[in-house]
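Below, chains carry the letters A, B, ... as their sequence lines are ordered, and counting in each starts from 1.
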Amino acid sequence: ACSNNSSKQSGTEKSVSLPATYNASGKATAAGNNSTLKIAEVNDAPFTGISSPTLASNAEDSDVFAPGGTQWGQINTLFNVGKNYKIINGGMANQKLDRKAKTATITLRKDARWSNGAKVTAKDVEYPYEIIGNKKTTSQQYSSDYAAIKGMAAYHAGKAKTISGITYPDGQNGRTVVIHFTKMSPAMQYEGNSFIWASVEPYEYFKNVPISKLASSPQVRKHPIFTGPYKLDKVVQGESTSWSPNKYFYGKQPQVKHITIQVVSSNNIVSAFSSKKYDFAAGGPDIVMPSSQYPKVKALKSYTVTGVPQMGYSYFGFNVGHMNTKTGLNVMDKNAKMSNKNLRKAMLYAVDMDAVSKKFGHGMTWRANTLIPPTFKNVYNAKAPGFKYNMKKAKSLLNKAGYKKQGKWRTDPNGKKLTIHFGGMSGSAATEAEYQYYMQQWRKAGLNVKMTTGKPMEMNSFYSTIQKPSQNKIDVWTGAWSTSSEPTPTQIYGVDAPYNMGHFVTKKNTQLLNSLNSNKAWNAKYRAQQFKKWQSYMNSQAAYGPEQFSMSWTPVNHRVKGYNVNADNNNFWSDLSLTAANPK
Amino acid sequence: MSLIEIRNLKVHYPIRGGFWNRVVDTVKAVDGVTFDIEAGETYGLVGESGSGKSTTAKAIIGLEKATSGTVTYEGKNVTKAENRRKIDYNRDVQMIFQDSLSSLNPRKRIEDIIAEPLRNFEHLSKDDEKLRVLQLLDIVGLGPDSLYKYPHQFSGGQRQRIGVARAVATHPRLIIADEPVSALDLSVQAQVLNFMKRIQREFGISYLFISHDLGVVRHMCNNIAIMNRGRIVETGTRDDIYDHPMHIYTKRLLA
Amino acid sequence: MWKTILRRILIMIPELFILSVLVFLLAKAMPGDPFTGSINPRLSPAQVHHLMELHGLYDPWYQQYWNWIVHLFHGDLGISYEYTEPVVDLIKQRGANTLWLALFTMILTYGIGLPLGIYAGRHEGKFQDTLVRIYTYVTMSIPFFVVLVIGIWIFGYTLNWFPTSGSISPQASGLGGSILSRLGHIILPGLLGALFGTVNIVQYLRSEVIDAKHSDYVRTARSKGVPMKDVYRHHIFRNSLLPIAAFAGYSITGLLGGSIFTEMVFSYPGMGLLFLNAINFRDYTVITALVLLYGFLNLLGTLLSDIALSIVDPRVRVE
Amino acid sequence: MNLHNYFLTKRGIELTNATTGQFLDIKDVSTAFKIDGVYYDAVSHVNLQVNHDEILAIVGESGCGKSTLATTIMGLHDPEETQISGEIDFEGTDLLKLDEKGYNQIRGAKIGMIFQDPLSALNPLKRIEDQIQEVMIYHTKMTEKQRHARVIELLNEVGIVDPERTAHQFPHQLSGGMRQRIIIAIAIACKPDLIIADEPTTALDVTIQAQILDVLRDIQKENHAGIILITHDLGVVAETADRVAVMYAGQIVEQGTAEQIFDNPKHPYTRSLLRSMPQRNNETDELYVISGMVPSLQKMPKQGDRFAPRIPWIPTSAHEVHPTMHDLGEGHLVRCTCYQNFYFPDQVNEKGATEHELN
Amino acid sequence: MKRDIQSATDISEADLQRLTNEAAQEATPSAAKIMWREFVADKPALVSLFLLVFFVLFVIIGSMFIDVPKMMETNIMGYYAKPFSVQYWLGADSGGRSIAKELIVGSRNSICIAIGLTVISSTFGICWGLVSGYFGGMVDLAMQRVYDFMMIIPMLMTIIVIVTVIPSYNAITLTLILSIFYWMGTSRLIRSRTLSESQKDYVAASKTSGTGNFKIIFREIMPNISSLIIVDTTLSFAENIGVETGLSFLGFGLPIGTPSLGTLIANANDPENITTYWWTWLPAALEIIIMCLAISYIGQVMRRTTNAAQRRGNDKK
Ligand SMILES: Nc1ncnc2c1ncn2[C@@H]1O[C@H](COP(=O)(O)OP(=O)(O)OP(=O)(O)O)[C@@H](O)[C@H]1O
Ligand SMILES: Nc1ncnc2c1ncn2[C@@H]1O[C@H](COP(=O)(O)OP(=O)(O)OP(=O)(O)O)[C@@H](O)[C@H]1O
Ligand SMILES: [Mg+2]
Ligand SMILES: [Mg+2]
């Protein structure tokens, strides 16, 4: 069932190509399947322990409760996913979009049940919206897109008790839910969109707990129930979860009888693998194995490293404007220090990301060429050249733009002294070495670049500085952005996007972004084309410069059969089997 | 007029305790003591341990605050610290301590120890000061080689003599000697007592001599007071006390 | 005696109060807030604003402090922003882990330290004594965490004798199984911690024993014809052990402090790790609660030590 | 006035009691301490005897080796730091040849010791009763009950008013005098034949001093024990002792009955010592002062009279090269021949008559 | 009747010089001399002392010749270079920075922090203890309350919080922050000694000689507890060297651009790095161990100097 589809990309030089799947040689054995599959969750802190995908706000939680869903990161998920994360039929529910009526109809399959045996009902499909939109909720999922559901705004404001736009044609306990929208978006066809919530919550099981207290209730923390192939046996708060097959699961019964997922700190993970304590790391497409460990892990004899490109990228941001706090819209400043396109481009050309990636990334990172991660094959612009290292070009760009050298450093076109402040979050020794390298390169190009506080900034200070509506402390920074499985970039580059921290706004940009989810975009080809256009445009403006892409990777032990983290594998857990009773 | 008159002197130490660390009780270390010391005489204060002898001495010299009562020196009230400072009381009244080792700062050379009161009360040039120190050492029978030595390099008797030298450095009128020889061996004790007597003869100094050794007190003192539990139970001349003890406590002490 | 204890406790209150204000202000002064940095494409600024308001984070500090302290008196330490769980529950969970570890470490520390100190003191100046002292000097000179990292590498990974993360194995089942598993998880960190904790005890005890050995009451005992081994047993050991045992209260606080390192290296989900995490996420409620709790434990430790000492030593006993 | 008579009047008639069998014979005992790896004699070639029913006082300046001698008899020295030679014959056994075990049977049972500082000599953490009982546990077969009874009896004996209460108290709750009584009680608990009292009264008050000495005397009378009383207080000696040994710099310089020593002192040191006491009839005079200091252990001359440097006006020829004890009859022994030619510098003209003069 | 004391003796001015000279010759050796003698008598301590002095000098002088910003520059080519090469004697770290150079500069930083911390906290602790112990009474009571309060503050946690609060901190601020929490031990020790020292008669003697309180505290009492101060300072110095390393390990020590022994040892935060990149942390760890051992040894000798009974370096006759 698994296609051996490697994630080799074109456009940039990527030195290592990893398989997304692993299949142990030999047959799965009874002893193996009756033993415990040991999965490591790489994280330096204990996990929070919120099993509900609606309430959880971090990846660790969705990792350790993953066997409760069909795929990594898809707990209690409604839909199956095909190529390019498009929603397809065959999952717990099917979805039908009616563009004319502006409705989405979700129909549950008959045998969908919770792991306690209860039926999954239409109310369970609706309940997440109540949780998300509730005034006192602890969920962090509510966004303006939900206002597209009729009645949601009123409910969110506390004016209505129910969401009028969600109806049950065959009753609350039935199998059908119809959601009425004020507008329809092509993004709705893809998993991870911000209009249709893709998982269920057990209303019957939760109904006695007020929504504000739900996150700390035992129903969520200690004895949660799931719809996926496994049921939770035990959760040791912050440390581990253990699982066994869920006999009520509607789909293919899993073969491995026990699974444990345990938190391991990133410092210890390599040692843990070398002493064969785990079969693979948790997270599927979102594993956070540090790339610096790759060479050591690669050397392990009884493991094979697998990986897929991450749904994310890192970028250079330039501060070119501010946010108008009244309108909530970003505004570009013509006279901003970084408003010169050529200056920005020169800075991007001056750093040799290929070399950096090679040395620090060990092939697990590579130079990014656009602002869409390559994992979205249909919309990713593989042909974009990006900013390949070219110091000559950098210098000539600067010269052309009037940044002349006066003494040691270049001045701005008006002959004024130019000092550029670079901000970066503190991290591993490697990240900070990278910062040093960037600064060196920029200085080589003649730009006087200094670190904002003289050193990498602590994460909180960094964000509180950069998220201010208007700031002049950081002129250029590096940041990282991870996308959901629906990559529309409006949230970060849109005119009203709070995370558009460089405040880059142009008519063309707004137009391109809008076109991604316009009516025309129901045509996939058109949508892909617009995506690519947007990517080229962004590179031409260089207000945000792509920095690096990276792999999500993990070693997989040689006793594991059927490991496949490709997006279209909707049977991740059920396909797994083991050939031996202990990690080899 | 006597040199110094002590009238109804009381020193009470508060005992703190109880819930709020309040004063729950007082130790009446000295509880109404009255006596006079004439110029040039040696006044003996005798009593068993804890009877308040040292406390009396400290209250007179100002190391301990008197709870009530007065100390009059040459007709002037010196019970309060500021009054003492006004007239040269602190300079005129000096003290010799029981434990010769602990009363000499072990980290200071003899020169600095003896010069200390000089430096505070008289401002002499370096050479004058040294000369004075040497003279003082000479008086108590110590050679100039002692100048740079430290206290622990002397025998007990020598140390006590250094204490005497320090006490007489500022030409005091009264020296309070709190058990100056109790810690000394018999033969050494003789040395110190001899010196004290000699200095008295030569400079007309008065002593308040505290001891529990009756033999020594009799050897030294003209007038004697017997203390018991913070009070003076009997006073008199030496012969009165030794030959006709009146108070029962005195009798027991002499027994 | 009871009065003294009560008074001590009353004195504690203003101290704790000052500490709470201090901690609260410090926590608030940290740059950022619980919601910076949680860059979630779905979390809109409006929602952040909503959450900040919900948690009263826009109120002036004294107002926030007041709310906090009022809740505190109701046994409510607030809700962790990061864990969206009452801090009390969180601390109960993690505290139990830290407590087990600390207790175990303490038992080991005393179990190793006492005999070693006595042994060294008894054989003062001899070969055995020199060995023990070399041990104390060397241990004192190595940073604690280096020992931890080396320890986990040798015994946890290379030799594979001990588990290397967590407080209990996920497979552990049944009461007996889980107790055994918990024990298994604290043996190595406990031992390494004890290796360190002993140093002070050994040094202190050694000099106590040496002092006692030359004391007058030991001479008196010997003049009674008591054999040397009995003199050790009835006089020297007892007299030098008691003050140390009484100081155990203080050492708890030391252990709790050291637990941050242990928990970090062993990914042991205790209060130390919780604290580090809370710092990174600006989880104010957790930070303030933990610092206050540790302060309270420090107080308790000193109080316990004082009480123990006054019970053990008749000279200190207040009548 | 006769000094001895002055003290005698206080002592009454006990002095005349005849002494009986000798049971402790110290023969040529030397004790040396190791200082920087070299042994120096703190006590050198001491010969002493103690009889039943007798109080032998050892007097001498501080540091002359009194305590060292006492601890040598008790066998309390650290064998690695000290070197002991000679023979201590105690009721037929040579104590110096005993091993630790043998010694433990004698300590506490046959020999009891009273130490100077009553606070530090008691274990601060143990009740009085336990500390007294301890000695009985090792030397008697008494039951717990019997031991308790004996404790009460002992406390009564040493003059403690409320024995039951005191038995339950801790040392710090008692006054110095009471503590010293406890130590005495411990020392006499097993009715030892010999009691060594090392300055039992120095730390105490005059009034309490007398009481303690009374207790000691009573005990002795009752048990017929021999007592070695170590002190540097001549008053105490005159009040209590039957015989007196005067020590100077580790050696015994004179030895005799109390009468002999006080009435007819021979050795220059003894005479100087007696003369430096303040006396009633010469209060205006200067007290006599012994010039010089006792040399430290390391600087002790190997030969010659150790007191010679302190009486420089006596010619060297008057001293012996290796001073020995000379018997003057009736057990009165004196070291060196120099006593024959000794005079005080201020009494030159009456050289021959000085002795009478003093008395 | 009353004669002047001055006339009681007849020493001429002329004799003064001679007498002074004579006396000076008889004088006892100074404390420094005694200490030196002690060191000579104890060879391992002497070696420790030389080692330490040499090392501190080497590090301080050596670091003057190193261009720190340049040294801290990333050199991608030198990523985890193995030791014993011409360019990297002791190898390089993840940024391709020379461990040897980092070690020198880092040692200097760590030693300076330790010295600064020791000087500040000890000075403060000593003054606090002296004043509190000398005056006693209400002064002492109030000062003890402050002490009690400082003792209940969970030190490590509070330091971590403060470090995160302070926006840009460096070696100096770090030293100051640490100093806030490291004076209590010293103050307690000094206070208890001062309490007992104040009871001694020489203090009373000074008072009756008319010497002022603060002069008594600092000129009379302090010299007498100087041995305690020296020993305590020496030992806290040894302890303080390790303080920064612990914080650096937790990630709250010095920023990366400022190398220190702590940041170097923190390379050992990963069991794999311990073996694979041993050169990044081992030299720093060894250095700390050796330094602490040396200081302990020196401290011991100093303690001995202060206790005449234990002295070994007595002039033997
Ligand atoms: N600082 C103090 N606080 C409380 N009580 C004190 C203090 N100093 C002395 N006392 C008490 O005051 C009483 C008198 O003490 P003082 O030292 O004057 O006696 P003394 O006659 O000199 O005794 P000794 O002969 O032992 O020196 C004693 O009971 C003592 O306990
Ligand atoms: N353990 C020891 N090591 C070295 N020298 C010692 C030791 N004990 C005593 N001495 C020395 O031996 C000499 C005799 O000491 P001892 O204690 O016997 O004198 P003492 O007559 O009892 O004096 P005091 O009257 O002061 O008690 C002294 O010079 C003393 O310094
Ligand atoms: Mg007194
Ligand atoms: Mg003695």
Side-chain angles (χ1 to χ4, degrees), chain C residues 11-12 14-16 18-19 22-23 25-32 133-134 136-138 140-146 148-150 152-154 156-158 164 250 253 256-258 260-261 264-265 271-272 275-276 279-280 282 287-288 290-302, chain E residues 144-146 148-168 235 238-239 241-252 261-262 265-275 281-282 284-297 299-300:
Chain C
I11 291 174
M12 279 163 61
E15 281 175 0
L16 277 176
I18 297 175
L19 182 66
L22 208 79
V23 165
L25 287 182
L26 275 177
K28 290 286 165 191
M30 292 194 298
R133 292 179 71 191
I134 288 176
T136 57
Y137 277 138
V138 171
M140 217 164 47
S141 310
I142 308 178
F144 183 35
F145 56 87
V146 173
L148 288 177
V149 178
I150 293 178
I152 196 176
W153 170 59
I154 295 178
Y157 291 117
T158 310
T164 48
Y250 288 111
T253 63
L256 290 175
I260 290 190
F261 292 97
M264 183 162 153
V265 172
M271 291 197 284
F275 176 78
L276 284 182
I279 285 280
N280 285 333
R282 300 294 185 262
I287 296 171
T288 42
L290 278 180
V291 177
L292 206 60
L293 177 72
Y294 271 57
F296 178 72
L297 289 177
N298 281 351
L299 263 181
L300 214 63
T302 43
Chain E
Q144 280 312 101
R145 280 275 83 78
V146 177
D148 282 352
F149 177 68
M150 289 305 293
M151 286 306 285
I152 66 159
I153 296 182
M155 189 163 73
L156 188 58
M157 287 184 163
T158 314
I159 290 177
I160 288 177
V161 175
I162 295 180
V163 162
T164 40
V165 167
I166 292 191
S168 67
L235 295 183
E239 209 178 289
I241 287 185
V243 171
E244 171 265 335
T245 60
L247 278 176
S248 294
F249 177 76
L250 292 178
F252 297 95
L261 292 180
I265 296 180
N267 283 322
N269 63 352
D270 165 344
E272 279 303 305
N273 280 355
I274 289 186
T275 40
W281 65 275
L282 195 60
L286 285 179
E287 191 192 316
I288 283 206
I289 294 173
I290 291 171
M291 257 196 316
C292 287
L293 279 179
I295 297 171
S296 309
Y297 240 107
Q300 239 185 333

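- Contact of C:Met140 with chain E is made through the side chain alone, with heavy-atom distances under 4.5 Å.
- Looking at C:Phe275, the atoms closer than 4.5 Å to chain E (heavy atoms on both sides) all sit in the side chain, from C-beta outward.
- Looking at every heavy atom in both residues, C:Asn298 comes nearest to E:Met151 through ND2-O, 3.7 Å.
- Contact annotation for C:Ile279: only side-chain heavy atoms (C-beta onward) come within less than 4.5 Å of a heavy atom of chain E.
- Between chain C and the options E:Ala238, E:Gly251, E:Ser296, E:Ala266, heavy-atom pairs under 4.5 Å are most frequent for E:Ser296.
- Taking chain E as the reference chain and counting heavy-atom pairs below 4.5 Å, the highest number among C:Gly272, C:Gly295, C:Gly301 is found for C:Gly295.
- Neither the backbone nor the side chain of E:Tyr297 comes within less than 4.5 Å of any heavy atom of chain C.
- Taking each heavy atom of E:Phe252 and E:Val163 in turn, the nearest pair found is O-CG1, 3.6 Å.
- Heavy atoms closer than 4.5 Å to chain E are found nowhere in C:Val23, neither backbone nor side chain.
- Taken to the nearest 0.5 Å, the CG atom of E:Leu250 stands 6.5 Å off from the CD1 atom of C:Ile260.
- Both the backbone and the side chain of C:Leu26 come within less than 4.5 Å of a heavy atom in chain E.
- Counting heavy-atom pairs under 4.5 Å between each of E:Ala285, E:Pro154, E:Gly262 and chain C puts E:Pro154 at the top.
- Between E:Val161 and C:Ala27, the shortest heavy-atom distance links the atoms CG1-N, 4.3 Å.
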Before giving the answer on side chain to side chain contact (heavy atoms under 4.5 Å, CB included), spell out for E:Ile159 and E:Met155 the whole-Å C-alpha distance, their side-chain angles and the decisive distance to 0.1 Å. CA-CA 6 Å; E:Ile159 290 177; E:Met155 189 163 73; 3.9 Å; yes
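- When heavy atoms are compared at a cutoff of 4.5 Å, C:Ile152 approaches chain E solely by way of its side chain, counted from C-beta outward.
- If you measure heavy-atom distances from C:Leu19 to chain E, the contacts under 4.5 Å come from both the backbone and the side chain.
- For chain E, the nearby parts of C:Ile150 are the backbone and the side chain; heavy atoms of each come within less than 4.5 Å.
- Between C:Phe261 and C:Phe145, the ring-plane angle classifies as parallel under the 30° and 60° cut-offs.
- Residues passing the side chain to side chain donor-acceptor pair (under 3.5 Å) test with E:Ser248, sequence neighbours excluded: E:Glu244.
- For a residue to count as touching a neighbouring chain, one of its non-hydrogen atoms must lie under 4.5 Å from one of that chain's; by this rule C:Val291 touches chain E with backbone and side chain alike.
- Both the backbone and the side chain of E:Leu293 come within less than 4.5 Å of a heavy atom in chain C.
- Within the 4.5 angstrom heavy-atom criterion, no atom of E:Met291 approaches chain C.
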For the pair E:Ile153 and E:Met150, evaluate side chain to side chain contact (heavy atoms under 4.5 Å, CB included) and give the outcome as yes or no after the intermediate values. CA-CA 5 Å; E:Ile153 296 182; E:Met150 289 305 293; 4.1 Å; yes
Quick one, E:Phe249 with C:Val146, criterion side chain to side chain contact (heavy atoms under 4.5 Å, CB included). Give me CA distance, side-chain angles, the key distance, then yes/no. CA-CA 9 Å; E:Phe249 177 76; C:Val146 173; over 6 Å; no
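- Distance CD1/C:Ile11 to CZ/E:Phe149: 14.5 Å, rounded to 0.5 Å.
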